[in-house]
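Data block below; observations after.
Heavy-atom basis, side chains included; hydrogens, waters and symmetry copies ignored. None of the values given here were measured: they were computed from a predicted structure. Numbering of ligands and ligand atoms starts at 1, following listing order.
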Amino acid sequence: MKKTKYIFVTGGVSSSLGKGIISASLAKLLQGRGFSVTIQKLDPYINVDPGTLNPYEHGECYVTEDGAETDLDLGHYERYSNTPTSQANNVTTGRIYQSVIQKERRGEYLGTTVQVVPHITDEIKRCIQILGETDKFDFVITEIGGTVGDIESFPFVEAIRQMRWELGKDVAVIHLTLVPYLAAAGELKTKPTQHSVKTLLEQGVQPDIIVCRTEHSLNESLRAKIAQFCNVELSSVIESIDAKSIYEVPLQMLDEKLDIEVLRKTNTAIPEKIDIENWRRFLNRLNNPLHEVTIAIVGKYVELKDAYKSINESLIHGGVANETKVNLKRIHSEHIESQSFDEAFSDIDAILVAPGFGPRGIEGKINAIKYARENKIPFFGICLGMQCAVVEFGRNVLGLKGAHSSEMNPNTKYPVIDLMSNQKGIEHLGGTMRLGAYNCRLDKNSKAFELYGEIMISERHRHRYEFNNKYRKQYNENGMKTVGINPENDLVEVIELENHPWFIGVQFHPEYKSTVAKPHPLFTGFIAAALTHKTIK
Ligand code: GLN
């Protein structure tokens with residue numbers, strides 16, 4: 001049986017320091033040294049999962065194979081480690097309380113008073129150790145959302161304290177903190193780091209390793225100061241300087257020996273060799289592109305950096321596969337209506353229409369697709385993007401006036417996209433969509449098949465509405481082909497246009513499965529099509 005080691009990653013001073021990227025980078029390095037690793041995120045908010053949070057609050061909602069709606073950091077974990085995560089990899093305070101309260105209702109606490117310590121902290125520890133008990137992992141890396149000192153994160157830090165006490169050297173704590181640069185003084189300041197470590201100490205946790213986010217290199221005396229004030233070894237003060245891409249971070253952490261420090265702190269024998277050649281190759285191609293394309297991404301959340309995180313990263317992966325730099329032109333679907341399409345799309349090589357919910361900006365999406373169809377510009381529609389392509393084709397090619405998705409217009413005469421039958425009557429919004437991985441059979445005569453190179457594929461979903469099979473024949477006979485079908489319940493998963501260089505709509509979310517090691521074939525194909533379009537236009 002494996003003896004799993006538990007690594008915790010906490011954050012200090014400020015949020016958004018990149019705990020997810022540091023965790024994923026550490027996982028990559030440990031994998032490179034031959035260890036099996038999984039990463040978990042514990043989120044201190046009360047929502048049971050982020051599925052009902054809007055992108056203004058929370059950025060993208062990432063979906064796992066088993067249909068969990070999770071934090072977007074899990075996307076980084078999968079993209080870096082190329083290993084699928086699951087519901088067990090993202091746990092919120094809401095989920096912890098939900099299960100404790102359910103146990104209490106079942107009478108499992110035998111009449112005792114249910115308290116934060118030990119009952120909530122026991123449940124937190126159970127959710128962490130459940131991953132270790134699968135016997136699959138040498139390391140479980142657990143990232144704690146938020147910043148130490150937040151009221152919400154107290155029980156999580158207390159659970160770390162207990163685990164450290166119970167498991168000793170099988171636990172290590174990494175504290176990621178900010179070392180701000182004061183331009184007026186021309187100096188980096190360590191005081192906020194000292195204070196955040198003090199906050200951790202007040203809760204009984206001494207970090208083993210301190211990773212310092214900084215805009216400028218830390219000199220030796222600064223490192224020594226942090227080591228001394230925070231009771232860590234000098235070699236355990238790790239610099240994480242701003243990088244030009246998140247994909248540089250594993251190599252930065254390798255240079256700083258973060259992996260070695262973790263192995264040392266957990267009394268693990270240090271394998272001499274590390275194999276991260278594939279990662280270096282990826283980075284090399286990313287940094288030395290031979291070509292360049294500009295992709296228009298049309299959506300209603302384009303102003304938010306994290307709303308389409310996985311799509312943005314998948315485009316980068318697809319670009320690297322084609323040795324191509326991908327520039328994004330973000331086009332707001334609500335504002336495009338007032339602009340001339342010729343002008344908005346004058347400098348782009350392909351159009352991607354993003355997923356989404358609700359009617360805001362919908363006509364902008366539909367008209368952008370009309371433009372791509374008529375002008376033979378490569379088009380990629382994802383989830384709502386695919387549904388809009390079906391609506392556009394219905395209205396403008398099949399002559400179904402006012403055709404729509406019944407999500408946007410419940411009274412449309414032509415509901416070419418309609419609520420799935422098993423969604424009817426559902427009242428609760430949380431966790432009730434069609435979620436997670438489903439099979440899809442591809443038509444041998446399709447671009448999708450050409451790209452995937454296999455007939456049976458599996459992709460992840462997150463939706464309630466679907467292509468209305470009543471119209472399937474009419475679409476197929478008139479040039480919009482339904483080329484990917486779910487074999488179990490006959491749902492349309494992929495559509496393509498005949499007589500168009502590259503026009504693919506998918507009901508699923510391919511962006512959740514693209515990784516550095518395995519760029520997704522649809523994104524690779526899309527960028528290749530954009531390149532071709534650029535050369536002939
Ligand atoms: N709103 C659409 C549906 O529920 C599309 C969802 C999505 O784009 N993820 O079917």
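- Under the 6.0 Å cut-off for aromatic ring centres, Phe523 and Phe380 qualify, their centroids lying closer than that.
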Just the distances, no angles: every ligand 1 N or O to protein N or O pair closer than 3.5 Å, one line each.
from: ligand 1; atom 1: 1 (N); to: Gly356; atom 2: O; distance (Å): 3.0
from: ligand 1; atom 1: 1 (N); to: Glu407; atom 2: OE1; distance (Å): 2.7
from: ligand 1; atom 1: 1 (N); to: Glu407; atom 2: OE2; distance (Å): 3.1
from: ligand 1; atom 1: 4 (O); to: Arg464; atom 2: N; distance (Å): 3.0
from: ligand 1; atom 1: 8 (O); to: Gly356; atom 2: N; distance (Å): 2.9
from: ligand 1; atom 1: 8 (O); to: Gly356; atom 2: O; distance (Å): 3.3
from: ligand 1; atom 1: 8 (O); to: Leu384; atom 2: N; distance (Å): 3.0
from: ligand 1; atom 1: 9 (N); to: Arg462; atom 2: O; distance (Å): 2.9
from: ligand 1; atom 1: 9 (N); to: His509; atom 2: NE2; distance (Å): 3.2
from: ligand 1; atom 1: 10 (O); to: Gln387; atom 2: NE2; distance (Å): 3.1
from: ligand 1; atom 1: 10 (O); to: Arg464; atom 2: N; distance (Å): 3.2
from: ligand 1; atom 1: 10 (O); to: Tyr465; atom 2: N; distance (Å): 2.8

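- Two rings, from Tyr45 and His58, have their centers less than 6.0 Å apart.
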Please tabulate, for side-chain N and O atoms in residues 301-308, each donor-acceptor pair with protein atoms closer than 3.5 Å (sequence neighbours left out).
from: Glu303; atom 1: OE2; to: Tyr56; atom 2: OH; distance (Å): 3.1
from: Tyr308; atom 1: OH; to: Lys300; atom 2: N; distance (Å): 3.2
from: Tyr308; atom 1: OH; to: Tyr301; atom 2: N; distance (Å): 3.0

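- Counting heavy atoms from C-beta on, the side chains of Glu493 and Glu466 come closer than 4.5 Å.
- Atom CG of Leu26 is separated from atom CD of Gln31 by 10.5 Å, given to the nearest 0.5 angstrom.
- A salt bridge is absent between Glu407 and Arg464: the closest approach of a Lys/Arg side-chain nitrogen to an acidic carboxylate oxygen does not fall below 4.0 angstrom.
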